[in-house]
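Because only heavy atoms are used, hydrogens play no part in the values below, and waters and symmetry mates are left out as well, while side chains stay in. Order of the sequence lines fixes the chain letters, A, B, ..., with proteins taken first and strands second; residue numbering starts at 1 for each chain.
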There are 2 protein chains.
Amino acid sequence: MPQKNGRTSRRDIYQKLRQMVLTLELAPGAALSENELAASLGVSRTPVRESLILLAQEGLVQVFPKIGSFVSRVDPAQVADAQFLREAVELASLHALPEHLDPAIVGDLRVNLDRQKRADLDLEEFFELDEAFHQNLMRLSGHGNVWTTVAAAKGHLDRARRLGLHENASPAAFAAQHHEIFEAIVGGDVPLAHTAMRTHLRAVFSDIERIRAHSPELFAADASTVPVRRNVVVWE
Amino acid sequence: MPQKNGRTSRRDIYQKLRQMVLTLELAPGAALSENELAASLGVSRTPVRESLILLAQEGLVQVFPKIGSFVSRVDPAQVADAQFLREAVELASLHALPEHLDPAIVGDLRVNLDRQKRADLDLEEFFELDEAFHQNLMRLSGHGNVWTTVAAAKGHLDRARRLGLHENASPAAFAAQHHEIFEAIVGGDVPLAHTAMRTHLRAVFSDIERIRAHSPELFAADASTVPVRRNVVVWE
DNA sequence: CGACAGGTGCTTGTATACAAGCACTTCGCG
DNA sequence: CGCGAAGTGCTTGTATACAAGCACCTGTCG
């Protein structure tokens, strides 16, 4: 009951900045300034700076002392790492499913899947539903909190996926795969759920190289390259 | 080459505090004070505070606005989550092993295993070797960086393991299991490596409940309990 | 003797001032 | 005209000052 987490402005600003990075509203490679952000958000440097430090630990921004802060370019290596991590965790959770599934979570999943079928679906809405779908799947096996760790590590993967869906938006195919996974689970067919999940996750991962060829400036070409202050090519 | 990460005192202090929490030098439940830590470390509040924020995001400390900061008590739920996560990731990496293993890493592993056999092994030394062993195993499959994420998430698990080994110290059994896993891998027997690894990881995880019965004050009994400033029972 | 109310000292959150350093510009010189 | 070097404006890192609030202690009153 207590849980006296007084609302601090840092929490708000952290989540806001994080969302802006993940939705590409802050483009990969963009230069950030603690002073500018503080002024535009109407607070002092302190909460902004602390938020950037947290984002830096997640790998979403890079802070170079005395030089500047930048939105991380999408790192293909980190994308692959996140892909490996989520695949390992989500597939393992399928084998940890209990005999009797929690009806409340199953109900939430049905509602979620219905919404995914809607034709007039915004891309951001689809991402929200997708995120909730996978988290609820993990909750079915009792490891819902592990999803928090996975979600924190897959920032680069999410940005790559958004780039992909911005090009050829086809959430319908993914929605169908979600449905297939779900039916296999409620049907008790773990092996089928396993293969369906793996197919789904790898489909999401597949066309990153195509995007990279299309927009190379959004990707990290070489780990040793340091972005420079005024020469940053943000959108080109 | 650039990578101009100037040495900042925050990085040092963050790592120092993190190490103190993981080695139980800062006991679960202990009250922390930004002012006291700053004074004892010879810096201002700023780098200390920023370090605590990072540790809070890892779940190793809890910060209650206007109340105080505390070393997190070992949360059995988080221990279980970390166990599930590492098991899923490490087992999956076994199935991603390449045909030809990197000889350099294999050599490092051999040296590591030899050191684990030494009789006069300090507990902290064993933990270091254990950590390096598992990380190098993941490097064999090309996913060494994923270990960073796993390591960041398993702070509660590590503290529980230290509590267990402080009671009945027997690194020898674990060293033998490491050897078994390694031999199965270099022998190309993935299924054997799989079962050996699973057995090993679960052995590590097994006797937490016993420790909890022995030292309940180090564990989080209820998620809603808020530690109080001067009444904190640190070591009893 | 007990309970309640106000003071006190601590806590973290935020804002601001100062320090150190890199990148770029611009001015001067050959 | 070309090149170099000092200057300038920005950056983040650290230290400090102030604000807001909770827990505890103590004194007082019933």
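- Contact check on R73(A) versus E217(A) returns no salt bridge, with no Lys/Arg side-chain nitrogen under 4.0 Å from an Asp/Glu carboxylate oxygen.
- Terminal axes of the helix from dC1(C)-dG30(D) to dG30(C)-dC1(D) (five pairs each, C1' rotation axis) are separated by 10°, to the nearest 10°.
- By the 4.5 Å heavy-atom criterion applied to side chains, L17(B) and V61(B) are not counted as neighbours.
- Applying the ring-ring contact (aromatic ring centres under 6.0 Å, His included) test to pairs two or more places apart or on separate chains, those with a residue in residues 130-161 of chain A are F133(A)-H178(A), H134(A)-H178(A), H134(A)-H200(A), H143(A)-F84(B).
- Distance CZ (R7(B)) to P (dA20(C)): 19 Å, rounded to an integer number of Å.
- Remark: R162(B) is positioned above the aromatic ring of F127(B), its terminal NZ or CZ atom under 6.0 angstrom from the ring centre and at most 45 degrees off the axis.
- Rounded to whole Å, the distance from CZ on F64(A) to P on dG13(D) is 11 Å.
- The S33(A) side chain lies nearest to dT11(D) when the options are dC22(D), dG13(D), dT11(D).
- Ion pairing of K154(A) with D81(A) is absent here, as no side-chain N (NZ or NE/NH1/NH2) approaches a carboxylate O to less than 4.0 Å.
- Q62(A) places its CD atom 16 Å from the C1' atom of dT11(D), with the value rounded to the nearest Å.
- At the phosphate of dT14(C), OP1 or OP2 sits under 4.0 Å from a side-chain N or O atom of S9(A).
- The interatomic distance linking L32(A) (CG) with dC10(D) (C1') rounds to 15 Å, in whole Å.
- Counting non-hydrogen atoms under 4.0 angstrom, L52(A) reaches nothing in the nucleic acid.
- Listed here is the closest heavy atom pair of A96(B) and S141(B): O-CB, 3.8 Å.
- Of the residues in residues 41-50 of chain B, those placing a heavy atom less than 4.0 Å from an atom of DNA chain C are R45(B), R49(B), in numerical order.
- Considering all non-hydrogen atoms of both residues, N112(A) and L129(A) come closest at ND2-O, 3.1 Å.
- We find that CD of E36(A) is positioned 16 Å from P of dG9(D), with the value rounded to whole Å.
- In this structure, E34(B) places its CD atom 12 Å from C1' of dT14(C), rounding to the nearest Å.
- Between D12(A) atom CG and dT14(C) atom P the separation is 9 Å, expressed in whole Å.
- Residue I53(A) is out of contact with every strand shown, counting any heavy-atom pair closer than 4.0 Å.
- When R11(B), R10(B), R45(B) are each tested for a side-chain contact (heavy atoms from CB on, under 4.5 Å) with E50(B), only one passes: R10(B).
- Proximity note for R10(B) (side chain, C-beta onward) versus dT14(D), dC22(C), dG13(C): the nearest is dT14(D).
- The phosphate of dT12(D) has OP1 or OP2 within less than 4.0 Å of a side-chain N or O from S69(A).
- What separates NZ of K66(A) from P of dT12(D) is a distance of 11 Å, to the nearest Å.
- Side chain to side chain, N136(B) and R139(B) meet the donor-acceptor criterion of an N or O pair below 3.5 Å.
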